[in-house]
Amino acid sequence: MSQDTFLLDGEEIPFTRGQTIMEAARAAGKFIPHLCWHPDFTGHGSCKLCTVKANGHLNAACVTAARKDMTVENRTPELDDKRRTLLQLLFVEGNHFCPSCEKSGNCVLQATAYELDMMSPHFDHFFPDRPVDASHPEVLLDFNRCILCELCVRVSRDIDHKNIFALSGRGIAKHLVVNAESGRLADTDFSLDDKAAQVCPVGVILTKKKGFSVPIGQRRFDATSIATQVTEAAAAAQEEV
Amino acid sequence: MNENDIILSVLARHGNDGTRLMQILRETQEALGWLAPHTLTTIAAGIGWSRAEVEGTASFYSFFHIEPRGRYRVLWSDNITDRMLGNQDLMLQMCQALWLEPGRVSEDGLVSVDTTSCTGLCDQGPAVLVNYRAIPRMTAEGVEQMVDLICTGTPLSDWPAEWFNVVSQVRRKDRLLDHGLVPGQALLAAIERGPEAMIAELKTSGLRGRGGAGFPAGQKWEACRNSPGADRIVICNADEGEPGTFKDRILLTDHPDQVFEGMTIAAWSIKASRGYVYLRGEYRYMLETLQAVLDRRRAAGLLGRNILGQPGFDFDIEIHHGAGAYVCGERSALVESLEGKPGRPRLRTWSLSVKGFLGLPTDVNNVETLANACLVAVHGGAWYAGVGTAKSSGTKLLSVSGDCARPGVYEYPYGVTVAQVLADCGATNTYAVQVSGASGITLTTEEFGRRISFEDVPSGGAFMVFDRRRDMLEMARHFSHFFAHESCGFCTPCRVGTAVNARLMDKLAAGHGSVYDINELFKMHRLMQGTSHCGLGSTATNAIHDTLTKFYPAYQRRMKSLDFEPAFDLDSALSQARQMTGRDDSGAHLSNSEST
């Protein structure tokens, strides 16, 4: 039986019914830039980094089902240009200082910015006032880096069943809050063992007392790019089969 | 009753049902003044939601306050038409008289004064909401009197009753506003036709959604009827938030029976048992009147069980309130809001006809669409399609405001020219017309021969007139702030993009702009049109784009250089220091101190 396929940047990508463009591309080792998507969870469609052109229409690949014989553009100059602008918007919206950030080298936002050749933030910074929450004995919350992907919100709700996080406010004032009247993480039952503690793509949820234990230069995205890692992971999975 | 008892009684009234959170929050706030942290905790415990989720909803809507807001909350409607009528001077006058800064609560907790998005009183502005009660036609004398009433702590019930008189200025009637129907007549006609035949007539009529998108109503009803489900829902979208639109206010005020009857016909046709009117928070003042109409219809057997003697035809309508969020006019955001959540548009995985309110097949129609359905029920589809154009049958209500002698609601058959409307409303020296609100299209004098129709210039209902005194850059700048304020914040391009656009427009208006900034705006337009999650983001740059392409001189005359100018201005950066020291003499300004 021949498998259904679609074209991604001219290459045939096999997919199974119900898979999104993102899932099928990932399995085939093709990198579609993303921030709010995580391979273990269903698509969310908010960051819009994964915007592709499917049969001529712009759609978020993480929430668009793959269909037989559709033609999808992904890493074209036009789309990467839009993605770069989206990244720049995210960088100026929060307070991102990579050189001093504990997440540097392990950060999906930073790695994606490198992959897309983002050379500057371009726009004027918003410099929002986002105080950190150091109340919890094991975990520090540095809201300055939050990109509102809601991964922690979703995972704490759907996997941990604790509902520790939520988004509050509207528009540019939207921000992450903690499920406590005091607003402090210490007043919740959040624990380092929660799946939500491990899911932040940027540097908001940080483990205390472990700062810089791996030197910058030897971190996840330091040696190989985020795109290459997707390709290598798919190849390794293929070999296992 | 102490605070806790009040909250518990509100919760009990709503059966501790989290999907009724919007109403729980509104009623609690009406009783307690604001939603304190412990109030949210109590409500969350009562409905069994996480506190953070309740905070997420409470913080999303402009009319919910999670910080103290003063016993008198004065909100100036801030549509561009209110500005053209001088609302800014009046608000300044009020703030000065009260020794207040806009947006701040007075030290004694008495009063706060701020702006809010268009309140739908553009034909009788400048308008304010005081504790969410609408007061049109504000004047300098009115401000003076209001300040006195506030300072003496006079309850709103003792304020001059005529202040609260919102009038229906209907200037031109056609088939819809001259329907001549009595309550029950259209419903009876629909029942006689039978559900399938009613839907068939609706399809023949060519009636399209009047909210702006123009989806054929018959197809919508049919899809909903054909969706499997234990029950179905009819929702009337009365979240009339598009700046410059107020035609639904007229329908709900003067023809509520037709609106409710349209919903009941929809229920009969698609087999729904529950209906909701999602009424925008700004129309809070209508609530009691509308509820009285519903009571009357129940008593007349037009709602409730076995309606008009039809066994098994059970349907009732409830009014749900919005709380100040334009995005809830988007139908999936509206459904989210009805479920007690922030108004965030859903992913398009499921059509609402299949999975809508609480997962049930749901039909969402605009107020005007539902009122028109009554005409189709009585007169049939062919009769209905007898006026209008090929792809736009029937008539359209236009909310005319701005620079004209006779603002108000005008009903025309589709296909009317812009010039005809301008002549009828007494507009002279017209420079531009903004059709369909902030997200609509800006027309120049050369385009006044164009026709209001889905084929040419579609309109959700707004028709704002600008004469030659007006600055179109100011209009676009105003709308850019509107969208930044109303973006739900879900997707990156709209959340950050609208904020960036507002800054760019401010920079241009302040005379610090250049061609560089213009190019930035075009770039944002292309980005947001293509990548935004919903219609708010993809239309948020329309006015910027249209004014840039059609009214470029308005931008040009403000540009200092063709190359690049920084937004930073050293002298204006000193304004805070001037304010703190109370100085504004020439020596306190940079250019002057340098020269001395």
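Residue numbers begin at 1 in each chain, while the letters A, B, ... track the order of the sequences. The basis for the numbers below is simple: all heavy atoms, side chains too, and nothing from hydrogens, waters or symmetry mates.
Using a 4.5 Å cut-off between heavy atoms, A:His44 touches chain B through backbone and side chain atoms alike. If you measure heavy-atom distances from B:Thr531 to chain A, the contacts under 4.5 Å come from both the backbone and the side chain. Contacts between A:Ala173 and chain B at a heavy-atom distance below 4.5 Å are absent for every atom of the residue. Only the side chain of B:Glu520 comes within contact range of chain A, judged by heavy atoms closer than 4.5 Å. With a 4.5 Å cut-off on non-hydrogen atoms, A:Leu89 touches chain B through its backbone and its side chain both. Contacts of B:Ser532 with chain A are made by backbone atoms alone, with heavy-atom separations under 4.5 Å and no side-chain atom involved. Residue B:Leu347 touches chain A through its side chain alone, counting heavy-atom pairs closer than 4.5 Å. Contact of B:Arg503 with chain A is made through the side chain alone, with heavy-atom distances under 4.5 Å. When heavy atoms are compared at a cutoff of 4.5 Å, A:Leu49 does not approach chain B at all. Heavy-atom distances place no part of A:Asn59 under 4.5 Å from chain B, backbone and side chain included. Of the atoms belonging to B:Tyr61, it is backbone heavy atoms, and not side-chain ones, that fall under 4.5 Å from chain A.
Among all heavy-atom pairs drawn from A:Cys47 and B:Thr492, the shortest one is O-OG1, 3.0 Å. Minimum interatomic distance between A:Asn179 and B:Ala52 (heavy atoms only, all atoms of both residues): OD1-N, 2.8 Å. The shortest non-hydrogen separation linking B:Glu53 to A:Arg157 is OE2-CD, 4.4 Å. Shortest non-hydrogen contact noted between A:Ser168 and B:Glu55 is OG-OE2, 3.6 Å.
For the options A:Ile172, A:Asp81, A:Leu58, A:Thr64, heavy-atom pairs under 4.5 Å to chain B are most numerous at A:Ile172. When each of B:Val500, B:Leu504, B:Val496 is checked for heavy-atom pairs under 4.5 Å with chain A, B:Val496 comes out on top. Of the residues considered (A:Leu86, A:Ile164, A:Thr51), A:Leu86 shows the highest number of contacts with chain B, using heavy-atom pairs under 4.5 Å. Each of B:Pro493, B:Pro342, B:Ala325 has some count of heavy-atom pairs under 4.5 Å with chain A, and the biggest count is that of B:Pro493. Note on A:His57, A:His122, A:Lys53: by heavy-atom pairs under 4.5 Å with chain B, the leading option is A:His122. With respect to chain A, the highest number of heavy-atom pairs below 4.5 Å among B:Gly497, B:Cys494, B:Ser62 belongs to B:Ser62.
Between B:Arg495 and A:Glu93 there is a salt bridge, since a side-chain N of the basic residue sits under 4.0 Å from a carboxylate O of the acidic one.
Interatomic distance, A:Lys174 NZ to B:Arg344 CZ, rounded to the nearest 0.5 Å: 7.0 Å. Here the CE atom belonging to B:Met528 is positioned 12.0 Å from the NZ atom belonging to A:Lys82, to the nearest 0.5 angstrom. From A:Thr85, atom OG1 reaches atom CZ of B:Arg526 across 9.5 Å, with rounding to the nearest 0.5 Å.
For A:Arg170 (side chain) and B:Phe60 (main-chain N/O), a donor-acceptor pair under 3.5 Å exists by modelled atom type.
Heavy atoms from other residues, nucleotides or ligands lying under 6.0 Å from OH of A:Tyr114 number 12 at most.
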